[in-house]
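The next block holds one structure in the form of structure tokens; read it before the comments.
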Amino acid sequence: MNFYSSLIAQCAHTKSVTTLRAVHSHIIKSGSSYLLLGHKLIHGYIKCGCLADARNLFDEMPKRHIVTWNSMISSHVNHGKSKEAVELHSSMLVEGVLPDAYTFSAIFKAFSEMGLLCSGQRAHGLAVVLGLEVLDGFVATAIVGMYAKFGKMKDARFVFDRVLDKDVVLCTALIVGYAQHGLDRLALEVYKGMVDRGIKPNEYTLASILISCGNLVDLVNGQLIHSLVIKSGLESVVASQTSLLTMYSRCSMVEDSIKVFNQLAFASQVTWTSFIVGLVQNGREEVAVSIFREMIRCSVSPNPFTLSSVLQACSSLAMLELGEQIHAINVKIGVDGNKYAGAALINLYGKCGNVDKARSVFDVLTDLDVVSINSMIYAFAQNGFGCEALQLFERMKKLGHQPNGVTFISILLACNNAGLVEEGCQIFSSIRNNHNIELTREHFACMIDLLGRSRRLEEAAMLIEEVRNPDVVLWRTLLNACRIHGEVKMAEKIMRKVLELAPEDGGTHILLTNLYASAGKWKHVIEMKSTIRDLKLRKNPAMSWVDVDRKIHTFMAGDLSHPNAQEILEMLHELIEKVKTLGYNPDTTFVLQDLDEEKKMSSLSYHSEKLAIAFALWKTGGRTTSIRIFKNLRVCGDCHSWIKLVSLLTGREIIARDAKRFHHFKGGHCSCKDYW
DNA sequence: GTAGGGTTAG
């Protein structure tokens, strides 16, 4: 018997499973009783990490000791098998074995991981009855940790306060709970209390309290803790360094977080990620991208946190190509079902006009939530896919996800961009009846735009009256609607309002100038232009750019300085003549200058988007099926009808992003259905 | 013969 015992102990120590299994079968053959050796074998299997072997043997045991129950439960919790741990715990109670302090210290974590609050509360009750709740520090910590995970901080605090012999681990558990639920002042208070009582914080405590300092943008305390980290000799501990980085970047001290990162001896996956996250949050996207590349070079694999963050950077920088590479990484490391990385990818593809790709990312997400669904609705909305947005909106409700304020902004934008006026009105009134959603300025802006553009100007104006302190953006939205419908009188009235709010706003002056110009009121145009000059307001020059063979080519209206200007002009004139045979008739009302008809015509021909498209068609020959152009202002009506015909003529898909939205031109039609 | 706490996200 002793011989077997020492053999098992040796196997457990060296973690040699094969030998352990051999010893196990030897014991069976020898006919020895399991009563004593079985427990030893189970512990051996657990030490080797073979929970399945341990469980099989455990189930065969005629009598099971509390120590073995505890080991079985805690090892399952530690291996992320909380479901099995909870089941074991129930069978233990059914067999009439009372839990002890060891059982409790393990089982509460399993309850919180399984989201079983009621079971946790029942177990807490039992711990009270057995007198183990606050007398044993381990048990108290486990209970505090469980309530903290459920966000029940009052319950956590209630248990904490009654523990007489508090130690650093118990205090840290409470601090972490507060920090993770935004109760950072309470976290600091507990921290101060523990220090006053002479309990020395360790790396776990400092890592958490730094996060609270960051959340509070409390640089003073943050720096104080930083010096404590150094004094305690914890500089080489990764977690405290990670928290330091995060603290500095939340306090907008990017340079300090870069300094911490550069001084690190070792960076874990989480450290790299935290650094990248901080850089993106502080608008340092380029640096974030280069750090990400370095992380990959150092063979540190990214996780969904990293990927979603660097994808955000790609979105801001419109780096579609890098985004596509990251998409490939998502698939490769098997996180393409992750909602965080997925939502970031959907945002990127949506922003770059690739709705099909956004949709294919969305379709493989495993765990949908409101935010990831919102991303997809927004991608549809941005690109004028109104019906698809509405369908998804219906589906989300059927799946039991409550739409939030962002959902409604996206869905109203979808209605707006697709000209779905009635649907938009219906949804808007449904938000009014839904008391869970607070109507914001953005909802009103969308609705005013929708009504205004469909010529329901009075209704739009009434809506503005409902907004408390309406801002320039709202008035300007209405002003733009007046411009579209040539409502000069109303526009002048609104103009006065706008100039009260923002007397030197350039955009407003330009809007009114354009309105006068399209109504042919050239006298007023001249007056406005001199006002604009006096105010030193400059209109942004119209500009388009196109990415051909990974190089960006920029075009300004009438600007023929491109090295290939000759070829571009030839292509442009050829296109114009060809689309004329398809019915294109240059519409000079879009020329906002008082020129004669012929000059107007040539000014129209050299709009920046026409130049960019002509260039892309010439440069790519027949190589690509789609062309993507970007414009800083809105695409004009003449160019819009011209591009539609060019898409028909050349059989290419032309995707244009203007200042407001996407236009997908294909086979002579545009996704905006001529409503924008 | 067993046990408790940490850092990254729209």
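Just so it is clear, the model here is predicted, and its values are computed rather than measured. Scope of the values below: all heavy atoms of this structure, side chains included, with no hydrogens, waters or symmetry mates.
Regarding contacts with the backbone of B:dG10, a side-chain N or O of A:Gln312 is found under 4.0 angstrom from either OP1 or OP2. One finds a side-chain N or O of A:Gln180 lying less than 4.0 angstrom from the OP1 or OP2 phosphate oxygen of B:dT7. Taking 4.0 angstrom as the limit, A:Arg64 places none of its side-chain polar atoms (N or O) nearer than this to OP1 or OP2 of B:dG1.
In terms of polar N and O atoms assigned as donor or acceptor, the side chain of A:Thr141 comes within less than 3.5 Å of the base of B:dG4 in a complementary pairing. Judged by distance alone, with hydrogens and angles left aside, A:Asp369 brings a side-chain donor or acceptor within reach of the base of B:dG10, the pair sitting under 3.5 Å. Taking only distance into account, the side chain of A:Asn374 never meets the base of B:dG10 through a donor-acceptor pair shorter than 3.5 Å. A donor-acceptor contact under 3.5 Å is formed by the side chain of A:Thr242 with the base of B:dT7.
Under 4.0 Å is where a charged nitrogen must lie from a carboxylate oxygen, and between A:Arg185 and A:Glu189 no such pair does. Between A:Asp59 and A:Arg55 a salt bridge is recorded (basic side-chain N to carboxylate O distance below 4.0 Å).
A:Ser308 meets the side-chain contact (heavy atoms from CB on, under 4.5 Å) test with A:Tyr340, A:Ala344; sequence neighbours excluded.
One N or O on the side chain of A:Lys351 and one on the backbone of A:Ser315 form a donor-acceptor pair closer than 3.5 Å.
Between the CG atom of A:Leu279 and the P atom of B:dA9 there is a distance of 13 Å, rounded to whole Å. One interatomic measurement links the two molecules: CZ of A:Phe104 to P of B:dA3, which rounds to 17 Å at whole-angstrom precision.
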